[in-house]
Amino acid sequence: MMAALEITDLKKSFGKAEIIRGVNLSIAKGERHAIIGPNGAGKSTLFNLITGRFPQTSGSIKLHGHDLRGKAPFEINRMGLSRSFQITNIFPKMTVFENVRCSLLWSHGYKYSFWNMVSRSQDLTDGALEILDQINLLQRAELPAGLLSYAEQRALEIGITIAGGADVIMLDEPTAGMSHSETDYIVELIRKVTQNKTLVMVEHDMGVVFGLADQISVLVYGEIIATGHPEDVRSNPKVQEAYLGAALEAEH
Amino acid sequence: MTDASQKTATITRAPALSLGQVLPWVISVIFLVAMPTIFQSNSAITIMNQMMITIVFALSYNMLLGQGGMLSFGHAVYMGVGGFFCMHLMNIVETNELPIPLPVLPIFGGLFGLGLATIVGSFSTRKAGTVFAMISLGIGELIAACSVIITAFFGGEEGMPGDRTYFMPFFGIEFLQQIEVYYLIAFWTVLSTLLMYLFSRTPVGRMANAVRDNPERAEFLGYSARWVRFFSFSAAGFFAGIAGALFAINYEILTETNLSTTQSGVILLIAFLGGVGFFFGPIIGAIVFTLLQSVLSLQSEIWQLYVGALFLATVMYFPGGLAGVLMMHVPAAKFGKLGTLVVPYIKTLVPAIIAIFGLAALMELLFHVRHASAGDDEMTLFWTTFDSHSVLPWIIACVATVGGFWLARLSAPSLREAWHRANTPKGRPA
């Protein structure tokens, strides 16, 4: 079976600083894959390379077998990849409902049309309400998104990310800055909305990682030092040495 | 899901048009039709024509600034070029006796505006923010400079005149009278406003808001921020061109001032004054500004000072503009407590207005003393004639300013309290 995401020898340097130093990663369809690693390991850079925010220096990234080199973010999105951001990235002045409806427009085939009225399209309204129902924000539909609480904004961000119907979902630290109860809520939400989809996420919270992921990759100084099932990764001495041991100790 | 959709019934169904949607339009149309019967003088109709042209132009400008987040310093160019093309078309129709009726001229104006906007937009919409603003300024200056160089098209310093009456009569109307022109402009104003409103409800219009708020996020939703900006920009150019055509029909002449950066600056001021955050904001801005321009300029030589002060006050204290001030009262109205605000408002605003008039009187006195020819001591202000060099008027103005300001400050806390109470739902302690 063709991998959903296939990364070969990916490298990225900013000037002389090599941030990603040859990453090889294959993520199968339907897999929940977490990328972990210490601060400054290049996790966010890797995300930004995959989603076309930065161009890679060398190597290749393939989404469902199609090379992503030189593609703009909006083109990559149209190919079925969607992402969320580490810092909440929504449309703060628009209502919650509008936020979700906007993320449905392209996948519903409206493109740049100026001859359709969005409020008259039942499919858009229904679709947006369904997403709002999934992320439990129906009650907040008419509020400007900027007024939501932090956890609600994160939930909205996830809603926007999944709304377009992309089958590869990339979440960048979805639980960053959340309390325990909020984290549990978001983890449940992620599990619910990413069913039958490929999930790639960067996460610091080991509880979240081991609770959600089928596969874990450990990124240290721009290289992946281990990939595998959570249990295997946990017991891998290299990983323990580099990162996980310290992090797990800190957890307990 | 069914339970949930009932809760949000207001947004779920969009069946036939509701009364609330149609009513503002119907009222506007009745208002526009009735206005000339109330104000029959030619000067009043001229002011109203100017007002409607400014409305179309300001709304088109707000497609960029308010809806699309593009700060343009050169929007007058699209109105001006559209108008100049229409002027030429007018002359061509005159010499060749083409069977074109005058009311269709704005379509051509719009197409010319659209054409120019498509060319400029193809490279200027790559980025929003400073880059876009600078390009718009550059293009504005460039075309304004062309108006003096390419005299065959722009008519040089004298401008480009024409005559609207040589068009094919439209159901017997030859547009000889100002009132006929009024209804022509009114028709196009309503149509353009409606189309611009509908544009903001289309997918590309909605995405313009999304790109304004967060271009990067919009890219990750499958939309190219650049293309979204380009569509908004082109549409704005189209409606600016319509405004230009209406200007050509009304004044029968276009000059280089129509293209100038000053004109572009004025429309930014109008849109901001009215409020860029609301669709109808620029309409209010256009009405207020045209009134100030035409009425205040008859009363005072330093009217631009007052407009400038008003603009400054808006930017600093009411960033939502006049429309924002109006909409601020919606929550209080929903709680049914708008009436409780009337008395506190009167208590604060009347002294404040007295203070403003006092300050204006001081300005006028100063201006008269400094600029009137020597020996001319007599001036008229607020329908009273007095000697500007005597002490009494100065004392009165000073007392009014200081006293009004003092009284307004005195009652401001109670207004603030009343405001707070009016914005608290009934039955809940304030």
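Since the model is a prediction, treat every value here as computed from it, not as a measurement. A note on names: the letters A, B, ... follow the listed sequences, proteins ahead of strands, and every chain is numbered from 1.
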**Prompt:** So which of B:Glu219, B:Arg201, B:Arg217 has the biggest tally of heavy-atom pairs under 4.5 Å with chain A?
**Reply:** B:Arg217
**Item:** Any residue of residues 149-178 of chain A which, by heavy atoms, sits under 4.5 Å from chain B
**Value:** A:Glu157, A:Ile160, A:Thr161
**Asked** How would you list, in number order, the residues of residues 75-91 of chain A that have a heavy atom less than 4.5 Å from chain B?
**Response** A:Asn77, A:Arg78, A:Ser82, A:Arg83, A:Ser84, A:Phe85, A:Asn89, A:Ile90, A:Phe91
**Complete:** Given B:Phe199, B:Trp227, B:Tyr223, the one with more heavy-atom pairs under 4.5 angstrom with chain A than any other is B:Tyr223
**Message:** Would you compute the distance between atom OG of A:Ser103 and atom CE of B:Met207 and round it to the nearest 0.5 angstrom?
**Reply:** 8.5 Å
**Request:** Measure the spacing between CZ of A:Arg53 and CD of B:Glu216 and express it to the nearest 0.5 Å.
**Result:** 3.5 Å
**Request:** Grab the two heavy atoms, one from A:Val118 and one from B:Thr202, that are nearest each other, plus how far apart they are.
**Result:** CG1-C, 4.0 Å
**Asked** In Å, rounded to the nearest 0.5 Å, how long is the span from CE of A:Met94 to CG of B:Asp213?
**Response** 6.0 Å
**Message:** For residues 105-114 of chain A, give me every residue with a non-hydrogen atom less than 4.5 Å from any non-hydrogen atom of chain B.
**Reply:** A:Leu105, A:Trp106, A:Tyr110, A:Lys111, A:Tyr112, A:Ser113, A:Phe114
**Message:** Once rounded to the nearest 0.5 Å, what's the spacing between atom NZ of A:Lys93 and atom CG of B:Asn209?
**Reply:** 9.0 Å
Donor-acceptor pairs under 3.5 Å, side chain of residues 231-246 of chain B to any protein atom, not counting sequence neighbours: which ones?
unit_1	atom_1	unit_2	atom_2	d
B:Ser232	OG	B:Val228	O	3.4
B:Ser234	OG	B:Phe230	O	2.9

**Item:** CZ on A:Arg101 to CZ on B:Arg206, rounded to 0.5 Å
**Value:** 6.5 Å
